[in-house]
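Only one structure is covered here, and it is reproduced in the block below.
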Amino acid sequence: MLIEKAIQAAQAAGDLPAFEMPTIEIRPPKQAAQGDYACAVAMALAKPTGKNPLDIANAIANHIQKPDFVSAVEVVKPGFINFRLNESWLQQQVEAIITEGDRVFQLDTFKGKRAQVEFVSANPTGPLHVGRSRGAMVGDTIARILEAAGYTVEREYYFNNAGVQMTNLGNSLRIRYLEALGLPVEVPASDNTTFYQGEYLKDFARDLVAEQGNSLVEADWQPFKEYAEKRMFGIIKQTLARVNVSHDVFFNENSLYDDGSVTHTAEVLEKAGYIYRSAASQNPGENQPGEHDEENAGKGVATWFRSTALGDAKDRVLIKSDGNPTYSLPDIAYHINKLNRGFDLLVNILGADHNAQYKVVQYGVEALGFDPSIIHVIIIQLVKMVRNGKEVKMSTRRGDYDTLDDLIDQTSADVVRYMLLARSPDSHLNFDLDLAVKQSNENPVYYIHNAHVRCAGIAREAAKQGITDDGADLGKLGAAELRFLRKALELGDVIDSSAHELAPHRIAFYAHELATVFHPIYDEVRALQPDIDPATQKARLRFYRAAQVIFKRVLTLMGMSAPERM
RNA sequence: GCGCCCAUAGCUCAGUGGAUAGAGCAGCAGUCUUCGGAACUGAAGGUCGGGGGUUCGAAUCCCUCUGGGCGCACCA
């Protein structure tokens, strides 16, 4: 804004020729000596104007109307325009931070906009395992960041309680139930892919016996499935609650069948000309003739979605030859449902193992005439658990996996949240179990926590000594405190860019950087030493109070606790 | 074979086309007997996987090769 106005003024004054306004970025430079904020726009303007970047920068700088929070504008070598913040303005930010408290850096960038984040969305066939939980942390943190950027956010969990896996779950519980009653029943071997080995099913079976006795001996899988589902969701919600994750809406895929959305979606696709029926071998896509002939021999006719018309590599089956839809059709119907709910932004967190699936949905949404651009899919790369430098394999179906609950028990909710968050979603994540368990300074979580703890400790000690920070003269704050304040003021930009890019890991890195700036200051800037004059003491106490506010805000944004003691 | 992701210090990773590529940990050398040390300081560590290209300027964008991960069902 500031620079844009200056450029316009320079153009009006004839110091710069006419050109299209470029996108202007202002950001903190890497070196502190280069000022607090810097702008490189003059270099980008060298080409369109045909002028020397340094001259352009000077022309712009000469027309900048310096606001009160800027103390200096400097033009440097290649053509950077550097800004320095006014120090007394900086000092006053301590009051601003304290006044805003828990809502400090609550932005209104997206005020009035509604966003929905869909995440976790695991079917209730078992407890959440570690692989899934990365999406839980990322999804919830994105939701928190969007809220901080001004959105009203709804968190949604999409699930399917029908299908083969749920039938297997019902059957598995039935076997455990009969076993619990002491009836002769064969428990399948551990390599059986249709049997769930988890210990939790034994617990369910015991409880079911206690509640229902032997009344279900003759029943099929159905009542067992219903019971297991109910219990499973209870466990999942409880687990998520331990890491401060909760959902506003649980959306059942079945409701899309009940209200006719699924068949309606198929009909509309057909009217739009994207549907044909044929056996796989006649697929006009890339399938080689004869390739599928044998395996499709004897099968009926399937309903296909001509997604190749929209650029897909091959067409997709929507309704199988046995008459049942594939997952794609209800998935498309679900996204239409979401789009019709009037959100301004839809975020969908998916694991990398589902990376092919969302494209079909996108083609479907497009075919139905919707604008897919408000849908943002975040593909989370897989988590590799590492112990003693070696990978620990996991499996959902067998019983030997590491559940999120186990992990929280071994470490803590905060450690799990931070470790799973502090990596770009695009990046593969090695979860180092040794490091996570280790409560030492190798563990960044404790380093960040300790900053908050230290602030709280000072306040506690001051209260004990009867020293208050009322009426502090913030002019007494020195260079070290200003260093922290500059870093603290970046939080707004971090939230903003993190919200725009849907990159929640940035807040995690920022938190660590902020703590890195803080700890040396804590050593250097004493507040309660007896030889410090009372005015300085008050100012420093006030400063640490503001620092605590910032740390609490950052920790809360990550869904972590802000402990006052270790 | 096709699609998505990754390759940056010994290890784990940041890096929104801009200034001398940054942290943490490990290792090395120090401080400190404290408003809770789970701390602080310093030095060292790099042809940003290879090769082309675009640009005033590339770790970042494009092409290509190599090496990894995950997918590529009439399963969900």
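In what follows, chains are A, B, ... by sequence order, proteins preceding strands, each numbered from 1. Computed from a predicted structure; not experimentally measured.
- Within 4.0 Å of A:N355, counting heavy atoms only, lies at least one base atom of the nucleic acid.
- In terms of polar N and O atoms assigned as donor or acceptor, the side chain of A:Y327 comes within less than 3.5 Å of the base of B:rA76 in a complementary pairing.
- Within the nucleic acid shown, A:A462 has no heavy atom closer than 4.0 Å to any nucleic acid atom.
- For the P atom pair drawn from B:rC6 and B:rU16, the interatomic distance equals 12 Å after rounding to whole Å.
- At the phosphate of B:rC6, neither OP1 nor OP2 sits under 4.0 Å from any side-chain N or O atom of A:K384.
- Listed pair A:S427 / B:rA14 meets the phosphate criterion, a side-chain N or O lying under 4.0 Å from OP1 or OP2.
- Contact annotation: A:H519 does not reach the phosphate of B:rA38 (side-chain N/O to OP1 or OP2, under 4.0 Å).
- Residue A:A42 is the one, among A:A42 and A:V164, whose nearest nucleotide of RNA chain B lies closer to the 5' end (criterion: closest heavy atom).
- Taking the 5.5 Å centre cut-off and the 30° plane limit, the aromatic side chain of A:F509 is not classed as stacked on B:rA23.
- An OP1 or OP2 oxygen of B:rC74 is reached within less than 4.0 angstrom by no side-chain nitrogen or oxygen of A:N324.
- Contacts of A:I379 with the nucleic acid, taken as non-hydrogen atoms under 4.0 Å apart, are absent.
- Across all strands shown, A:P29 has heavy atoms under 4.0 Å from base atoms, whether or not it also approaches the sugar-phosphate.
- A donor and an acceptor atom sit less than 3.5 Å apart, one in the side chain of A:N82 and one in the base of B:rA19.
- Using a 4.0 Å heavy-atom distance criterion, A:A352 is classed as a sugar-phosphate-only contact.
- Residue A:Y447 places at least one side-chain N or O under 4.0 Å from the OP1 or OP2 atom of B:rC40.
- Using the Watson-Crick or G-U wobble rule with both distances under 3.5 Å, B:rG46 pairs with nothing in any strand shown.
- As rounded to the nearest Å, B:rU47 and B:rU33 have P atoms that lie 41 Å from one another.
- Contact annotation for A:H354: base contact, defined as any heavy-atom pair under 4.0 Å involving a base atom.
- Comparing the C1' positions of B:rA73 and B:rG10 gives an interatomic distance of 44 Å, to the nearest angstrom.
- In this model, the phosphate group of B:rA73 is not approached by any side-chain N or O of A:K320 to a distance below 4.0 Å at OP1 or OP2.
- Ion pair A:K225/A:E229 flagged as a salt bridge, since at least one NZ, NE, NH1 or NH2 atom sits closer than 4.0 Å to an Asp/Glu carboxylate oxygen.
- The pair A:K338-A:E118 counts as a salt bridge, with a side-chain nitrogen and a carboxylate oxygen less than 4.0 angstrom apart.
- A distance of about 26 Å separates the P atoms of B:rC70 and B:rU60, rounded to the whole Å.
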